[in-house]
Number of protein chains: 2
Amino acid sequence: MDRREAILDAAIAIADESGLDAVSMRTVADRVGVTPMALYPHIGSKGALLDAMQGRILGELLAVTTAGQTWQEQLATLAHAGRDLAKRHPWAGTLMFSRPSVAPDAVRVTDAIYQALLSAGVPDDEVPRLERLLSTFILGYGLSETGGRFGPGELNPRGRRGNLPDGTLPGHARLAKWLGGPTDWDEEFEADLADLADLIEEKARRGRRGPD
Amino acid sequence: MDRREAILDAAIAIADESGLDAVSMRTVADRVGVTPMALYPHIGSKGALLDAMQGRILGELLAVTTAGQTWQEQLATLAHAGRDLAKRHPWAGTLMFSRPSVAPDAVRVTDAIYQALLSAGVPDDEVPRLERLLSTFILGYGLSETGGRFGPGELNPRGRRGNLPDGTLPGHARLAKWLGGPTDWDEEFEADLADLADLIEEKARRGRRGPD
DNA sequence: ACCTGAACACCGTTCAAGT
DNA sequence: ACCTGAACACCGTTCAAGT
């Protein structure tokens, strides 16, 4: 097997098992069965290794096919694939946000979203912006879930406002009924996607009437 | 001055100047004029230092006031404050996504968004989800800008599809006209906010008619 | 009460040396 | 052509010692 591929396999396995911080030239080399310095001719540097890991992840995203689907189905397929990926590889979100997507596969994912928006009837000049809005949200959602931003503290104001005087959180007070229990993140993701699909549909409808 | 505050000042100054990676117990201690180990009684650990930095940032966000504004103005004020913060402290986005918001100030920011959504007329049971949708997008946008995900490569397909066969990027081909030039990120952020405000208005309108 | 110095187990990377 | 060993300049953190 190609040494470079073996190195990537090892790095991804370590990241899946113990997080991105556990990926070091030393731990990767150990897993491959070689000295840290032996990695350099094959992958260049730690940064290049992270870029290559990102490329692998995006390759997985491209495995999904959207041929013959409606634009709603296409977007849903891509969004779910993105979120599934974030769950399978919890470190992927951090990586995506922290470095520009240089892999050629990244452009192909972007293109798939462009195509879905175009077939929805979104005016050409609005497509790139809406693609960034969608991908930013999907990435952010995945990262919030896996990174802990949507942690239990977000939902349960009891035990968090201990050091705040009463009456400073009127919003929380009024919404108490909806803030108690656990949240179904799958359900919430579906609802968000439905809302964003509505937004796209509205864009397309206005586009057909011509711009304001 | 309180030693703990001085330590936080130093850490934030270093992060602003040289990035979050440059913040180490050693560099912070150097700036304060003390040995690394002298920090521990005051801040506990590196992780606690990062949490405290996050708290400071959120405190800045609470300085904005939204009293007497329409809900559209309230949301715009908060969104702009969030994005300005991300520009002033480029490391803040990474920090927000990578750890749950434990600071009491975080709940107050959330509450401000709750209040705006409530006064827009969004049904109570949809407010927490829409708050997460909004904050996820705003954070993600700031992080994409400062972290480089919205880098020049995203916009200019020339020079990136060198290793892809022709015809694999139909979306890019059709949108070539809109993908050439530089993007005004301020303008794009405004347009995104306007779209999300439309979405909220639509929610409120449907809520008044009663649920489906 | 607060700080220091030495130490431990880690990093990424360079460079000369081995086969 | 590919890999190793030693070294350099870094990490966060512990622990005994100083004032």
Side-chain angles (χ1 to χ4, degrees), chain A residues 1-56 90-92 94-100 102-103 147-148, chain B residues 1-56 89-92 94-100 102 147-148:
Chain A
M1 176 174 28
D2 189 0
R3 257 278 193 267
R4 188 188 151 85
E5 293 308 306
I7 292 170
L8 269 175
D9 288 342
I12 287 172
I14 292 168
D16 286 347
E17 290 162 17
S18 322
L20 201 55
D21 287 349
V23 176
S24 79
M25 299 305 269
R26 283 165 165 89
T27 55
V28 172
D30 259 21
R31 192 156 190 137
V32 176
V34 94
T35 3
M37 308 76 206
L39 303 179
Y40 283 81
H42 297 106
I43 43 96
S45 71
K46 174 82 182 284
L49 173 62
L50 296 176
D51 285 337
M53 290 170 74
Q54 194 190 42
R56 270 281 191 89
W91 43 272
T94 318
L95 215 51
M96 294 293 179
F97 268 121
S98 64
R99 49 212 315 118
V102 292
Chain B
M1 175 175 28
D2 189 1
R3 257 277 194 269
R4 188 187 151 84
E5 293 309 306
I7 292 169
L8 268 175
D9 288 343
I12 288 173
I14 292 168
D16 285 347
E17 291 163 16
S18 321
L20 201 55
D21 287 348
V23 176
S24 79
M25 300 305 269
R26 284 165 166 88
T27 56
V28 172
D30 259 21
R31 193 157 191 136
V32 176
V34 94
T35 6
M37 308 76 205
L39 303 178
Y40 283 81
H42 297 105
I43 43 96
S45 71
K46 174 80 181 286
L49 173 62
L50 295 176
D51 284 337
M53 290 170 73
Q54 193 190 43
R56 272 279 192 91
H89 307 296
W91 43 272
T94 317
L95 214 51
M96 294 293 180
F97 268 122
S98 63
R99 49 212 314 117
V102 292

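Predicted, not measured: the structure shown is a model, and the values here were computed from it. Quick note on labels: first sequence line is chain A, next is B, and so on, each numbered from 1.
Taking atom CG of residue B:Leu39 and atom P of nucleotide C:dC3, one finds them 9 Å apart after rounding to whole Å. Distance CG (B:Leu20) to P (D:dG12): 11 Å, rounded to an integer number of Å. In this structure, A:Lys46 atom NZ and C:dC10 atom P are separated by 15 Å, rounded to whole Å. Distance A:Ile43 CD1 to C:dG12 C1': 11 Å, rounded to the nearest Å. Note: CG (B:Asp21) to P (D:dC11) measures 11 Å, nearest angstrom. When rounded to the nearest whole Å, the span between CG of B:Asp2 and C1' of C:dC2 equals 14 Å. B:Leu49 places its CG atom 14 Å from the C1' atom of D:dT13, with the value rounded to the nearest Å.
Considering CD1 of A:Ile7 and CG of A:Asp2, their distance stands at 8.5 Å, rounded to 0.5 Å. Once rounded to the nearest 0.5 Å, the distance linking NZ of B:Lys46 with OH of B:Tyr40 reads 9.0 Å. Taken to the nearest 0.5 Å, the CE atom of B:Met53 stands 8.5 Å off from the CD1 atom of B:Ile14.
Between B:His42 and C:dC2 there is no side-chain polar atom (N or O) within less than 4.0 angstrom of OP1 or OP2. OP1 or OP2 of D:dG12 sits under 4.0 Å from a side-chain N or O of B:Ser24. At the phosphate of D:dT13, OP1 or OP2 sits under 4.0 Å from a side-chain N or O atom of B:Tyr40.
Ion pairing between a basic and an acidic side chain is recognised when a charged N comes within 4.0 Å of a carboxylate O; A:Arg31 and A:Asp9 show no such pairing.
Within the shown strands, D:dT13 is the pairing partner of C:dA7 under the Watson-Crick or G-U definition, both distances less than 3.5 Å.
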Trace of the side chain to side chain contact (heavy atoms under 4.5 Å, CB included) decision for B:His89 with B:Leu95: CA-CA 10 Å; B:His89 307 296; B:Leu95 214 51; over 6 Å; no
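Of the listed nucleotides (D:dT13, C:dT13, D:dC3), D:dC3 has the atom at the smallest distance from the side chain of A:Ala38. With distances taken from any side-chain atom of A:Arg26 to the nucleotides D:dT13, D:dC3, D:dA7, the minimum falls on D:dA7. If you check C:dC3, D:dT14, D:dC3 against the side chain of B:Met37, the one that comes closest is D:dT14. Listed candidates were D:dC3, C:dC3, D:dG12. Nearest to the side chain of A:Arg3 is D:dC3.
Mapping A:Gly33 and B:Ala22 onto DNA chain D via the closest heavy atom, the residue that lands nearer the 5' end is A:Gly33.
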